[in-house]
Each structure stands twice: as C-alpha cells, then as structure tokens.
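Everything on this sheet refers to the single structure shown next.
In what follows, chains are A, B, ... by sequence order, proteins preceding strands, each numbered from 1. Keep in mind the model is a prediction, meaning the values are calculated, not measured.
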Amino acid sequence: DSGVTQTPKHLITATGQRVTLRCSPRSGDLSVYWYQQSLDQGLQFLIQYYNGEERAKGNILERFSAQQFPDLHSELNLSSLELGDSALYFCASSVEAGVTGELFFGEGSRLTVL
Amino acid sequence: AQSVTQPDIHITVSEGASLELRCNYSYGATPYLFWYVQSPGQGLQLLLKYFSGDTLVQGIKGFEAEFKRSQSSFNLRKPSVHWSDAAEYFCAANSGGGADGLTFGKGTHLIIQP
C-alpha cells in the first residue's frame with residue numbers, strides 16, 4: 001500500500017461526458033502528479049501540483065484540467081470525453097517539488113469511454 | 001526531444017536465471033534515472049534511482065542497475081529471478097530534478113518460466 005488513494009477505481013461513461021478523478025496523496029506529501037497510461041502512448045505525464053499551485057505541465061489536453069485543494073487532495077477533470085481518452089489514470093505524490101525523491105503511485109482509475 | 005527507450009517489449013526468463021532489462025535515454029545532460037515496477041492491477045513502485053556518483057546502484061528486491069554514460073544506458077539486472085518478479089518494468093528519467101515530471105519508457109513485460 002503506497003498510501004496514495006485514488007477514486008473511483010473504475011469508471012465507464014459515454015463520449016461527450018465529463019468525469020472527475022480524485023486523488024488523496026500520502027500524508028505529508030505536498031506534490032501531486034497525474035499520469036495517463038494507455039497501450040499506445042504508454043505512461044504520459046499530465047500535470048503536477050505542489051502545495052496547491054500548478055508547478056509543471058506535460059501532455060495535458062485543453063479538455064482536461066486539475067487542481068489541488070488546501071487539504072492537498074487533487075482532482076483531475078476530464079471533459080468532452082472521446083473514445084481515445086480511455087486509459088488508466090495514475091496519481092502519484094512526493095514530499096518535494098522536484099522529482100528527486102521517490103514518487104508514490106496510487107493504484108489508478110480506469111476510465112472507459114463508450 | 002528528451003526520451004527514454006526500452007528496446008524489449010517482452011522478455012521471458014526461466015526462474016533462477018539472471019535478468020537484464022535494457023534502457024537507453026536521450027537527454028542533453030545526464031538525467032536523473034529511475035526504474036519502477038508495476039505488478040498487475042497495482043500502481044508503480046520505485047526499485048532504484050541514480051542521480052550521480054557510483055554508477056552501480058542497488059535497489060529493493062535484489063535489483064541493481066548500472067549507469068553507462070558512454071552508452072546512454074541504465075540497464076536493470078538481477079542475478080536470479082523469482083516467479084514473483086513477473087511484472088511490467090519501466091525505466092524513467094527526469095532532467096536533473098526539474099519540474100517536468102518523469103519521462104517513462106514504454107515498459108518491458110517480464111515473463112518468468114517455471
């Protein structure tokens with residue numbers, strides 16, 4: 001158990017819909033990262049938050065957005081969903097702002113868009 | 001562009017045999033390097049990391065990796081594999097701890113034969 005909690009574990013929805021994925025980081029961790037894992041693209045870095053502020057942006061689509069709340073949990077919002085958004089979405093957390101230490105990954109949220 | 005390449009999509013090894021998983025990186029300067037393991041239905045777990053210094057690094061579960069600057073490689077090794085090592089292995093890199101997340105390779109699926 002990494003200490004990172006992601007909900008929901010599985011989600012099935014239709015094209016055009018909007019979903020929210022939630023992540024609770026390990027106790028004491030200030031950084032939250034979001035990754036997308038798909039068969040064709042592999043693991044892609046989406047976005048990072050540190051102590052409530054956006055710190056780094058990767059390959060995140062404009063239809064996607066995220067935020068980190070004062071209690072440090074984070075939400076990833078996916079809108080106008082397309083079939084190609086079907087993937088496993090991972091949240092990871094770390095103590096530091098930079099990626100020098102260990103990232104602790106949650107078990108992921110599997111999104112299926114029909 | 002910065003990239004991490006894992007040339008082998010699948011590797012099959014007999015239980016008790018030695019293992020080497022290959023990883024090559026393409027970065028302007030030596031990046032921070034990591035190996036993660038993902039068991040079925042689980043998140044990723046850090047095996048080991050290299051920032052600088054001794055080019056042979058020891059990790060958890062009996063794994064080690066050797067950094068070779070001349071070959072831009074960071075291969076993962078284990079002298080004797082166990083059936084429980086069957087998993088997906090990811091090499092990852094980050095440009096010196098900067099705020100750009102981790103760039104992952106596509107992964108190597110390790111199959112252990114009895």
Supply the atom-to-atom distance [X] [atom1] to [Y] [atom2], rounded to the nearest 0.5 angstrom.
{"X": "Q38(B)", "Y": "L88(A)", "atom1": "CD", "atom2": "CG", "answer": "7.0 Å"}
{"X": "L102(B)", "Y": "S94(A)", "atom1": "CG", "atom2": "OG", "answer": "9.5 Å"}
{"X": "L44(B)", "Y": "E107(A)", "atom1": "CG", "atom2": "CD", "answer": "11.5 Å"}
{"X": "K106(B)", "Y": "D40(A)", "atom1": "NZ", "atom2": "CG", "answer": "7.5 Å"}

Is it the case that over 12 heavy atoms from other parts of the model lie below 6.0 angstrom from the [atom1] atom of [X]?
{"X": "L83(A)", "atom1": "CG", "value": "yes"}
{"X": "R26(A)", "atom1": "CZ", "value": "yes"}
{"X": "L39(A)", "atom1": "CG", "value": "no"}

Give the cluster check for [X] versus [Y]: same hydrophobic cluster or not, with ILVMFWY residues linked at side-chain heavy-atom distances below 4.5 Å.
{"X": "L33(B)", "Y": "W35(B)", "value": "yes"}
{"X": "I11(B)", "Y": "I111(B)", "value": "no"}
{"X": "I60(A)", "Y": "Y50(A)", "value": "no"}

What part of Q6(A) is in contact with chain B, defined as an atom under 4.5 angstrom from a non-hydrogen atom: side chain, backbone, both or neither? neither
Under the criterion ring-ring contact (aromatic ring centres under 6.0 Å, His included), which of F90(A), F45(A), Y35(A) is the partner of F104(B)? Y35(A)
Decide yes or no for F34(B) and L103(A): does some side-chain heavy atom of the first lie under 4.5 Å from some side-chain heavy atom of the second? no
